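Following: one structure in structure tokens, then a few remarks.
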Amino acid sequence: MINVTLPDGSQRQYEDGASPADVAESISISLAKAALAAKVNGELYDLNRPLDGDAEVAIVTARDKEGLELIRHDAAHVLAQAVQEMYPDTQVTIGPVIDDGFYYDFAREKPFSTEDFERIEKKMEEIIDKDYPIVREVWSKEDAIETFKKIGEDYKAQIIDDIIPPGEPITVYKQGDWFDLCRGPHLPSTGKLPKAFKLMKLAGAYWRGDHRNEMLQRMYGTAWANEKDLKAHLLRIEEAEKRDHRRIGAQLDLFHLDGTAAAGSVFWHANGYTVWRQIEAYMRRRLDAEGYDEIKTPQLMDSVQWEKSGHWGKYRENMFIVPDFIPEGEEGVEISVPEDAKLMALKPMNCPAHVEVFKQGQKSYRDLPIRLAEFGCCHRNEPHGAIHGIMRVRQFTQDDAHIFCREDQIVEESIKFCRLLESVYRDFGFEEIAVKLSTRPDVRAGSDETWDRAEKGLKDAVDAAGLPCEILPGEGAFYGPKLEFQLTDAIGRVWQCGTLQLDYVLPERLGAEYTASDGTKQRPVMLHRAILGSMERFIGILIEEFSGAFPLWLAPAQVIVATITSDADEYAEEAARTLRAAGLRVEVDTRNEKINYKVREHSLRKVPVIAVVGQREADDRKVALRRFGSQGQEILGLDEAASKIAAEATPPDLRRAGDE
RNA sequence: GCCGGUAUAGCUCAGCUGGUAGAGCACCUGAUUUGUAAUCAGGGGGUCGGGGGUUCAAGUCCCUCUGCCGGCACCA
């Protein structure tokens, strides 16, 4: 007999060899029906896998996180089986669970088409209807490799060969005639898989994620516990697409992109640039208050400078090179660059230039830390497939700064930075920030003691700012560890925004030094840091975060004064003057249109406040305010309205200053 | 850069098996002076992404280049 402890603490006895399925059945018929797998002493078990002895058992159903993952994992297997039955010339590779679903990578000469999806889904449903038992088998590594090789599954054989240590057994799951290498666990049979899945997209993916390998065909799918959840998910995607910054950027006339005229560079329109200017002004105030010195450095620098910094050797293929010469010859004639032309490069980053500024004159230990900030416009020749809206561009402006400090100042400066970043993100409405700490890579500069101090310094800084942090071992730059601060866009794509990187190397390479208290020359440590990351990316994320309905302080047009009849035109202009005098961005709409039409149009533009004026308001010197997102109206005296809206439109940092 | 898809009016899109382009919105003109999410009528606008080919004839078929979209790789 074996003793089983259930999650509620109660105990039951079972025959030797009993499985979680027996446990579920003994509890209730409905639980037996809903059971997908079990947690046995914390480890996930197949429902029919016999218990090894006394155990704590929790039955997993579709309502558990693990249950949903099982469903998705099985959906991937059923997909693979369906595809191989329909296209026998296909090899399977891997098919993991991801957020909201799964994917499976197939190797096949001929490309699949999304038009095949419907037929594949039908085939998957057939496999579910056949209700094949899913059977776990334990094979030896050698047998497995031989078997998979024999049936032409070279990728599988390779996976087993590479991943499984010699002599260790592997598990194989069979469903009908089809089987796959898999750690498991799985559902007891294919019939348990809810018909609440959908194939979503087709994409290329390199075998093992390495671009030197062949490209496989990846099928993405989504799978849920029931049809209702699936529908809800599809609806969420649809809603998220409406928030796409590229779409809203066009709708609200914020910016445009022209891949032919300037691939990967943004044409900012007045509306979008107004948002930019508010953000820039805000950041400038925050930096001023934190003791930064704002500077401006050259766009083009001699290649010699980039050689010194090390960028020329390592990152040249991502830099825009500009030969410094005067073209000769007739108009329309091909320009040839003289061989002896000096080469310049558009800056891909600001650091070397900031070191140059630091190096001017003598620096004492008393001067440190020196914090040099720049809204630096950088160019990077990104791979074409990487460009994405305004999130990943080839010309972008960083809210960059470099802190030159002594080693004993690192922790304090890092803490100050994390606190500032946290406060800034909060001001923009971001509560959840993902923080990653990338630690020392195998190949690195500097001693272990230095790395110990640096990594601890960054970790202490994040902790002090009260931010949760994930460690990415070995992901740091060769010159130092780094913190990355990530935000998520509407579709769930994660973007790096803020960063803090410790650097002992560049000051050395470029010869930055200060005079220490004992009169010796010392190297400063350099902290590369950005809060927003790039203006472009950050604004892109803001657009998606707010669906284009910016908070009042950021909105391109804050108030629209809209007339009902032309009798109120003159008063509308006066109202606008009053509102503008209060510091607001105001537009007037005196067009010969119905008020319904105007309200609709400005609501679609997501203008925060519509001030309606008709004869009544003109007579009483009032305005009827309608807020974006609400139906009601508030009638206020003109002066009162101006001061009230202006107070609401105060940027968060100035509001705090005003409160104190 | 790689795999797949895609490109028609300012925008969103229609245009079957080849027979020299169409809708809605937007825009312009006129009428309408209107009280909180679309007033009515008329009008203008496209060398169908570029180049090449097949054909009596190409938006439609083929090749190629470019951009864009979805992934992958990359992201100092």
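Within every chain, numbering begins at 1; the chains are lettered A, B, ... in the order of the sequence lines, protein sequences first and strands thereafter. Note that the structure is a prediction, hence the values are computed from the model and not measured.
Taking only side-chain atoms of Q501(A), from C-beta outward, the nucleotide of rA76(B), rC75(B), rG35(B) with the closest atom is rA76(B). Set against rU33(B), rA73(B), rG70(B), the side chain of H211(A) has rA73(B) as its closest nucleotide. Of the candidates rA76(B), rG71(B), rG35(B), the closest approach to any side-chain atom of M319(A) belongs to rA76(B). Nearest nucleotide to the side chain of N318(A), out of rA76(B), rG1(B), rU36(B): rA76(B). Comparing rG71(B), rU33(B), rC75(B) by their closest approach to the side chain of S566(A) singles out rU33(B).
A cation-pi contact, defined as under 6.0 Å to the ring centre and within 45° of the axis, is absent between K606(A) and F628(A).
Side-chain contact between E214(A) and Y155(A) is present, with at least one heavy-atom pair separated by less than 4.5 Å. Between R493(A) and E544(A), the closest side-chain pair of non-hydrogen atoms is not below 4.5 Å. In this structure, the side chains of F197(A) and R72(A) stay at 4.5 Å or more apart for every pair of heavy atoms. Taking 4.5 Å as the limit, every side-chain heavy atom of Y87(A) sits out of range of all side-chain heavy atoms of K110(A).
Between rU36(B) and Q631(A), no contact under 4.0 Å exists linking OP1 or OP2 to a side-chain N or O. Taking only side-chain nitrogens and oxygens, K314(A) never comes nearer than 4.0 Å to OP1 or OP2 of rA76(B).
Note: CD (Q217(A)) to C1' (rG70(B)) measures 14 Å, nearest angstrom. One atom, OH of Y104(A), and another, C1' of rC3(B), lie 19 Å apart when rounded to the nearest Å. In this structure, CD1 of I560(A) is placed 20 Å from P of rG35(B), rounded to the nearest angstrom. Rounding to whole angstrom units, CZ of residue F102(A) and C1' of rG71(B) are separated by 16 Å. We find that OH of Y103(A) is positioned 17 Å from C1' of rG4(B), with the value rounded to whole Å. Distance, D105(A) CG to rG70(B) P: 19 Å, rounded to whole Å. Residue E593(A) contributes atom CD, which lies 14 Å from atom C1' of rC25(B) at whole-angstrom precision. Distance CG (D210(A)) to C1' (rG71(B)): 17 Å, rounded to an integer number of Å.
Y220(A) comes within 4.0 angstrom of sugar-phosphate atoms only, judged by non-hydrogen atoms across all strands, and of no base. Backbone-only contact: P111(A) has heavy atoms under 4.0 Å from sugar-phosphate atoms and none from a base. Using a 4.0 Å heavy-atom criterion, one finds that Q615(A) contacts the bases of the nucleic acid, with or without backbone contacts as well. Residue A205(A) is in sugar-phosphate contact alone, with no base atom involved, counting any heavy-atom pair closer than 4.0 Å across all strands shown. Contacts of Y597(A) with the nucleic acid, taken as non-hydrogen atoms under 4.0 Å apart, involve only primed sugar atoms and P, OP1 or OP2. Contact annotation for R392(A): base contact, defined as any heavy-atom pair under 4.0 Å involving a base atom. Contact annotation for K594(A): base contact, defined as any heavy-atom pair under 4.0 Å involving a base atom. Among the atoms of the strands shown, base atoms are found under 4.0 Å from some heavy atom of A624(A). Contacts of A477(A) with the nucleic acid, taken as non-hydrogen atoms under 4.0 Å apart, are absent. Using a 4.0 Å heavy-atom distance criterion, R218(A) is classed as a sugar-phosphate-only contact. Residue contacts shown for L202(A) include a base, since a base heavy atom lies under 4.0 Å away. Using a 4.0 Å heavy-atom cutoff across all strands shown, L216(A) reaches no nucleic acid atom at all. Within the nucleic acid shown, G632(A) has no heavy atom closer than 4.0 Å to any nucleic acid atom.
Tested against D244(A) for a salt bridge (Lys or Arg N to Asp or Glu O under 4.0 Å), the candidates K242(A), R247(A), R246(A) yield a single pass: R246(A).
A residue-by-residue look at M215(A) and V613(A) shows that M215(A) has its nearest nucleotide of RNA chain B further toward the 5' end. Judged by closest nucleotide on RNA chain B, V599(A) is the one of V599(A) and Y315(A) placed further toward the 5' end.
In this model, a side-chain donor or acceptor of E617(A) finds a partner on the base of rG35(B) within 3.5 Å. For a distance-only test at 3.5 Å, the side chain of R380(A) qualifies as a donor-acceptor partner of the base of rA76(B). Side-chain to base pairing of R626(A) with rA37(B): one donor and one acceptor N or O lie within less than 3.5 Å of each other. In this model, no side-chain donor or acceptor of Y206(A) finds a partner on the base of rG71(B) within 3.5 Å.
Taking atom C1' on both nucleotides, rC65(B) is separated from rC72(B) by 23 Å, rounded to a whole Å. Atom P of rA23(B) sits at a distance of 12 Å from the matching atom of rG44(B), rounded to the whole Å. Nucleotides rA41(B) and rG24(B) place their P atoms 11 Å apart, quoted to the nearest Å. Atom name P, nucleotides rU17(B) and rA73(B): the rounded distance is 38 Å, in whole Å. Between rG1(B) and rA14(B), the two C1' atoms lie 36 Å apart (nearest whole Å). Taking atom P in both rU8(B) and rU47(B), one finds a spacing of 13 Å when rounded to whole Å. Separation of the C1' atoms belonging to rA21(B) and rU29(B) is 25 Å when rounded to the nearest angstrom. Across rG30(B) and rC68(B), the matching C1' atoms stand 40 Å from one another, rounded to whole Å.
For Y104(A) and F106(A), the ring centers sit closer than 6.0 Å to each other.
Base-pair partner of rC2(B): rG71(B) (Watson-Crick or G-U wobble, both distances under 3.5 Å). The base-pairing partner of rA7(B), taking Watson-Crick or G-U wobble contacts with both distances under 3.5 Å, is rU66(B). Under the Watson-Crick or G-U wobble criterion, with both distances below 3.5 Å, rC56(B) is paired with rG19(B). Base pairing of rA38(B) is not made with any nucleotide, judged by Watson-Crick or G-U wobble geometry with both donor-acceptor distances under 3.5 Å.
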Exercise for review: Go through the steps for T297(A) and E356(A) under the test side-chain hydrogen bond (donor to acceptor under 3.5 Å, both in side chains), then give the verdict.
Suggested key: CA-CA 9 Å; T297(A) 62; E356(A) 292 310 309; over 6 Å; no
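Between Q158(A) and D154(A), the side chains place no donor N or O within less than 3.5 Å of an acceptor N or O (distance only, hydrogens not considered). Side-chain contact of Y479(A) with E508(A): a donor-acceptor pair under 3.5 Å is absent, judged by distance alone.
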Within the sub-3.5 Å range, which N or O atoms of nucleotides 63-69 of chain B have a protein N or O partner, and how far apart are they?
from: rC69(B); atom 1: OP1; to: R246(A); atom 2: NH1; distance (Å): 3.0

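Of the inter-residue distances, the one linking Q496(A) atom CD with K482(A) atom NZ reads 6.5 Å to the nearest 0.5 angstrom. Note that CG of L372(A) and CG of D400(A) are 10.5 Å apart. Values are rounded to the nearest 0.5 Å.
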